[in-house]
Undergrad: 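Got a structure for you, written out below as structure tokens; questions coming shortly.
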Protein chains: 2
Amino acid sequence: MVDKEAFRKKIIISAGQIFSRYGFRKTTIEEIAKALKMGKSSIYYYYRSKEEIFEAVVLHEANILRNELTTAIKAVESPVDKLKNYVFVRMKAFEKLSNYYNAIFDKNLDHFDFVEAIRARYDREELAILRLIIYLGARRKVFKVNNSEYTAMAIQTTLKGLEVPLFWKKKEMDIDSRLNAILDVLFYGIVNA
Amino acid sequence: MVDKEAFRKKIIISAGQIFSRYGFRKTTIEEIAKALKMGKSSIYYYYRSKEEIFEAVVLHEANILRNELTTAIKAVESPVDKLKNYVFVRMKAFEKLSNYYNAIFDKNLDHFDFVEAIRARYDREELAILRLIIYLGARRKVFKVNNSEYTAMAIQTTLKGLEVPLFWKKKEMDIDSRLNAILDVLFYGIVNA
DNA sequence: CGAATTATCGAATGATTTGTTCGATGGCTT
DNA sequence: AAGCCATCGAACAAATCATTCGATAATTCG
């Protein structure tokens with residue numbers, strides 16, 4: 001027993017790649033095992049079930065997303081760029097994660113509750129980040145907003161609305177230009193003339 | 001009975017998207033049917049089996065590839081650019097088709113024989129195209145080659161060698177720069193100084 | 001060395017999925 | 001209304017898959 005925890009991490013890294021490519025349903029334990037050059041029964045020495053692996057993967061990805069978002073908004077100075085970076089990083093991450101989602105919601109609508117829990121927590125964190133960006137922008141008079149809280153919520157709603165076509169259409173959608181259009185609208189309605 | 005053939009085409013278009021995303025094994029008839037908003041048994045009114053759909057899809061994609069290649073080499077004038085375009089279009093197409101392949105060769109090594117047939121015919125066509133490009137380049141003294149036939153075969157061998165890492169590694173490979181490197185080597189060994 | 005424990009494996013299994021069939025039915029056209 | 005056309009749901013057999021378990025190889029440790 002040298003480093004069991006390290007190998008558990010190797011599993012979620014490897015499984016994460018496969019899950020993100022094929023989704024939960026279409027990913028088999030044997031694929032995960034073969035990617036690690038093991039027999040599939042050996043996987044169960046580290047995790048109790050496929051669901052448990054999936055949970056670990058989602059948790060891991062959520063942490064990565066959180067880090068990417070914070071570094072992305074720290075990377076630039078102006079509130080406009082902060083908000084831009086935030087939206088872009090968030091959307092690119094969700095695009096990558098879309099397979100996880102349409103895998104979950106595909107057949108069995110009884111979606112795992114831990115995903116809901118992560119989601120709820122993430123929503124709160126996102127709102128806090130947005131509120132901060134808006135607040136700083138307003139304080140510097142770059143944004144004209146009356147209430148940072150409600151404005152942040154409005155933006156969050158818009159972003160959530162974007163997720164739907166992102167997940168379900170997949171094809172025939174130029175996500176980048178659409179994103180830019182939304183940001184334009186957002187800014188022209190927000191930025192001081 | 002208005003246009004049964006048109007609907008068969010709609011099926012292979014829709015099925016082609018799913019096959020290219022998930023491969024043969026992971027694609028289910030129900031998915032194909034649902035994408036067309038039909039019951040899965042209705043599919044069998046148009047095609048006899050999943051394999052038959054797959055065969056139609058591969059045939060269709062092969063024709064598209066052929067068209068893309070010919071228009072790509074007609075689009076430019078110089079033999080160098082023709083060869084460049086050819087290689088790039090070919091590789092991008094194979095990247096898209098890689099799912100089909102690793103789906104076939106994944107488990108059952110008894111690969112469908114119609115794929116082999118298409119493959120063989122495509123190989124001959126490719127050789128003819130390459131030979132023509134090389135021949136025209138040599139005639140214009142842009143290429144220095146002794147035998148167009150053998151040079152074309154050498155290039156084809158190189159391209160085939162590129163397919164292997166393209167199909168199996170998938171990650172951690174910068175295909176574009178690698179392609180450029182190969183083209184550089186190819187040209188510096190071929191172009192008149 | 002040899003015993004104990006750690007890690008891996010193949011085979012077995014029970015549940016689920018999935019390709020395919022078939023008979024029924026609703027909507028056309030004539 | 002009669003007859004084909006297209007679609008469907010139910011049914012089924014075969015295949016797939018997650019999970020378990022006992023055995024065994026590898027490693028640690030006395």
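Per chain, numbering begins at 1; letters A, B, ... match sequence-line order. Keep in mind that the numbers below use all heavy atoms, side chains included, and drop hydrogens, waters and symmetry copies.
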Undergrad: Who pairs with B:K26 by side chain to side chain donor-acceptor pair (under 3.5 Å), at least two apart in sequence or on another chain?
TA: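 Once residues adjacent in sequence are excluded, the partners of B:K26 under the side chain to side chain donor-acceptor pair (under 3.5 Å) criterion are A:E31.
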Undergrad: Check the distance between C:dG19's P and B:K34's NZ and give it to me in whole angstrom.
TA: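 In whole Å, C:dG19 P lies 13 Å from B:K34 NZ.
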Undergrad: It should be established whether B:R25 places a side-chain nitrogen or oxygen under 4.0 Å from OP1 or OP2 of nucleotide D:dT16.
TA: yes
Undergrad: Considering residues at least two apart in sequence or located in another chain, which fulfil the side-chain contact (heavy atoms from CB on, under 4.5 Å) criterion with B:A138?
TA: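 So B:A138 forms a side-chain contact (heavy atoms from CB on, under 4.5 Å) with B:V145.
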Undergrad: Give one of base, sugar-phosphate or nothing for B:S42, where a contact means two heavy atoms less than 4.0 Å apart.
TA: base
Undergrad: Could you state the CD1-P distance from B:I43 to C:dT21, rounded to the nearest angstrom?
TA: 14 Å
Undergrad: Rounded off to whole Å, could you give me the CD-to-P distance for the B:E30 and D:dC8 pair?
TA: 12 Å
Undergrad: What is the separation between atom CD on A:E5 and atom P on C:dA7, rounded to the nearest whole Å?
TA: 12 Å
Undergrad: Apply side-chain contact (heavy atoms from CB on, under 4.5 Å) to A:A72 and list each qualifying residue two or more places apart in sequence or on a separate chain.
TA: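 Here the qualifying residues are A:N85, A:V89.
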Undergrad: Give the rounded distance in Å between these two atoms: NZ of B:K37 and P of D:dC8.
TA: 12 Å
Undergrad: Roughly how many Å is it from NZ in A:K4 to C1' in D:dT28, rounded to a whole number?
TA: 15 Å
Undergrad: To the side chain of B:Y46, which of D:dC17, D:dA6, D:dC8 is closest?
TA: D:dA6
Undergrad: Looking at residues at least two apart in the chain, or sitting in another chain, which of them share a side-chain contact (heavy atoms from CB on, under 4.5 Å) with A:I129?
TA: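 Expected list: A:I73, A:Y86, A:I133.
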Undergrad: As a check on the pairing definition, encode DNA chain D in dot-bracket form, counting Watson-Crick and G-U wobble pairs whose two distances are under 3.5 Å, and using | for partners outside this strand.
TA: ||.|.|||||||||||||||||||||||||
Undergrad: Do the side-chain N or O atoms of B:Y45 get closer than 4.0 angstrom to the phosphate oxygens (OP1, OP2) of D:dT7?
TA: no
Undergrad: Rounded to whole angstrom units, what separation is found between the OH atom of A:Y47 and the P atom of C:dA7?
TA: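 Going from A:Y47 (OH) to C:dA7 (P), I get 14 Å.
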Undergrad: Could you tell me whether a side-chain N or O of A:K40 sits under 3.5 Å from a main-chain N or O of A:K34, the two making a donor and an acceptor?
TA: no
Undergrad: Please identify each residue that fulfils side-chain contact (heavy atoms from CB on, under 4.5 Å) with B:L136, with sequence neighbours left out.
TA: B:L132
Undergrad: May I have the list of side-chain donor-acceptor pairs in residues 7-15 of chain B shorter than 3.5 Å, sequence neighbours left out?
TA:
unit_1	atom_1	unit_2	atom_2	d
B:R8	NE	B:E5	OE2	3.2
B:R8	NH1	B:Y46	O	2.6

Undergrad: Would A:K50 pass as a cation-pi partner of A:F19, given that its NZ or CZ must be under 6.0 Å from the six-membered ring centre and within 45 degrees of the axis?
TA: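 No.
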Undergrad: Listing request: all salt bridge (charged side-chain N to carboxylate O under 4.0 Å, His left out) pairs with a residue in residues 52-81 of chain A, at least two apart in sequence or in separate chains.
TA: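 Output for this query lists A:R48-A:E52, A:E61-A:K96, A:R66-A:E125, A:E77-A:R140.
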Undergrad: Considering only nitrogen or oxygen atoms on both sides, find all protein atoms under 3.5 Å from nucleotides 19-24 of chain D and state each distance.
TA:
unit_1	atom_1	unit_2	atom_2	d
D:dT19	OP2	A:Y44	OH	3.0
D:dT19	OP2	A:K50	N	2.7

Undergrad: In whole angstroms, how far is the P atom of C:dT17 from the OH atom of A:Y22?
TA: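 Between P of C:dT17 and OH of A:Y22: 20 Å.
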